[in-house]
Amino acid sequence: MLSPIDTPREILQKILLFSMGDTPAGPPREFASLMLTCRSVYQKLNTPEVYTMVLCQNFDMDKPLRCLGIEVVHHHAKHELQRRFIALNCFRSQNTNDSSLTEALWVAYSMLEESYPGGKNIRQITWAGLTRFLDSYLRQHLYDGSASNNNWPLAGERNSLALALAWIVTPSGWSLSSFEILRVRC
């Protein structure tokens, strides 16, 4: 019987992919658990190819692969995987004052641009509760600093991204009554 130390890299990769299978959205716990098994397993799985496989298993990567090529995706897969799960966890925490919020909004925007109806990105964004987060953010922060702008929202990066994302993720867009509710706050 093979121990994890003697198990070939290809077998460990297959074990990882099968263990992740049809896991629910969110960070793949199986990947983290397998990486923490021992140093040998960590070294065998800590490769750009494995991070690319995990990235493709959890997110819609057709457009990035087509536009950037496999070499670029391999090179940045680990960082991109971390970046996406940090953003999703930011939304899931419902912390509208998170220091990494602007980056998280950009990540969500790019994920929605890369996605298609019913795709992996939509599943991840739904899991993170982006719609609920955006509603909370806009109600709490849209009019921050508006007194100096004749009570109109400031056209900052966060407000612009939050409104654009709200427009994209809301099934019929925002109605006038939605803006009226936000406007009453001032």
Notebook entry, point to check: Are I11 and I15 close enough that some pair of their side-chain heavy atoms sits under 4.5 Å apart?
Noted result: yes
Next item on the list: Following the transitive rule for hydrophobic clusters with a side-chain heavy-atom cut-off under 4.5 Å over Ile, Leu, Val, Met, Phe, Trp and Tyr, establish whether I122 and W106 coincide in one cluster.
Entry: yes
Note to self: When you measure from the side chain of N121 to the backbone of L112, do you find a donor-acceptor pair of N or O atoms at a distance under 3.5 Å?
What the structure shows: no
Next item on the list: Verify the neighbour count for atom NE2 of H74: are there more than 12 heavy atoms of other residues, nucleotides or ligands below 6.0 Å?
Entry: yes
Item checked: Test side chain to side chain donor-acceptor pair (under 3.5 Å) applied to Y42 - qualifying residues, sequence neighbours left out -> N46
Check: How far does CG of N159 sit from CG of L138, to the nearest 0.5 angstrom?
Finding: 7.0 Å
Note to self: Is the shortest side-chain heavy-atom distance between N89 and P27 below 4.5 Å?
What the structure shows: yes
Next item on the list: Please tell me if the side chains of L134 and L105 come closer than 4.5 Å, counting only heavy atoms from C-beta onward.
Entry: yes
Next item on the list: State whether the side chain of T170 and the backbone N or O of W167 hold a donor-acceptor pair below 3.5 Å, judged by distance alone.
Entry: no
Notebook entry, point to check: Given the rule that I, L, V, M, F, W and Y join up when any side-chain heavy atoms are under 4.5 Å apart, are I168 and L130 in one cluster?
Noted result: yes
Item checked: Minimum-distance pair of heavy atoms, taken over all atoms of A108 and I125 -> O-CD1, 4.1 Å
Checklist line | Value rounded to 0.5 Å, distance of CE in M111 from NZ in K120 | finding: 11.5 Å
Check: Side chains of V73 and C56: does their closest heavy-atom pair fall under 4.5 Å?
Finding: no
Notebook entry, point to check: Are any of the side-chain nitrogens in R84 or E80 under 4.0 Å away from the carboxylate oxygens of its partner?
Noted result: yes
Check: Is any side-chain heavy atom of L45 closer than 4.5 Å to a side-chain heavy atom of Q13?
Finding: yes
Next item on the list: Establish whether M35 and V41 are linked, either directly or via other cluster members, by ILVMFWY side-chain heavy-atom contacts under 4.5 Å.
Entry: yes
Note to self: So, taking the atom named CD in Q43 and the one named CZ in R9, what distance separates them when rounded to the nearest 0.5 Å?
What the structure shows: 9.5 Å
Item checked: Test item: T52 and I70 side chains (from C-beta on) under 4.5 Å apart, heavy atoms -> yes
Checklist line | Reference residue S136; test side-chain hydrogen bond (donor to acceptor under 3.5 Å, both in side chains); the match among R132, Q140, R139 | finding: Q140
Note to self: Nearest 0.5 angstrom please: T47 OG1 to K78 NZ, how far?
What the structure shows: 10.5 Å
Notebook entry, point to check: Looking only at heavy atoms, what is the nearest atom pair of K63 and S115, with distance?
Noted result: NZ-O, 4.2 Å
Checklist line | Closest contact, heavy atoms only, G26 versus Q124 | finding: N-OE1, 2.8 Å
Next item on the list: Please find out if less than 6.0 Å separates the ring center of Y137 from that of F91.
Entry: no
Notebook entry, point to check: Roughly how far, to the nearest 0.5 Å, is CG of L81 from CD of Q57?
Noted result: 11.5 Å
Checklist line | Check against side chain to side chain contact (heavy atoms under 4.5 Å, CB included), H141 and R158 | finding: CA-CA 9 Å; H141 298 288; R158 278 188 182 180; over 6 Å; no
Item checked: Check: L101 and F133 side chains under 4.5 Å, non-hydrogen atoms -> yes
Checklist line | With sequence neighbours excluded, residues passing salt bridge (charged side-chain N to carboxylate O under 4.0 Å, His left out) with E103 | finding: R83
Check: Hey, does L12 have a side-chain heavy atom less than 4.5 Å from the side chain of V50?
Finding: no
Next item on the list: Classify the ring geometry between F59 and F85 as parallel (under 30°), tilted (30 to 60°) or perpendicular (over 60°).
Entry: tilted
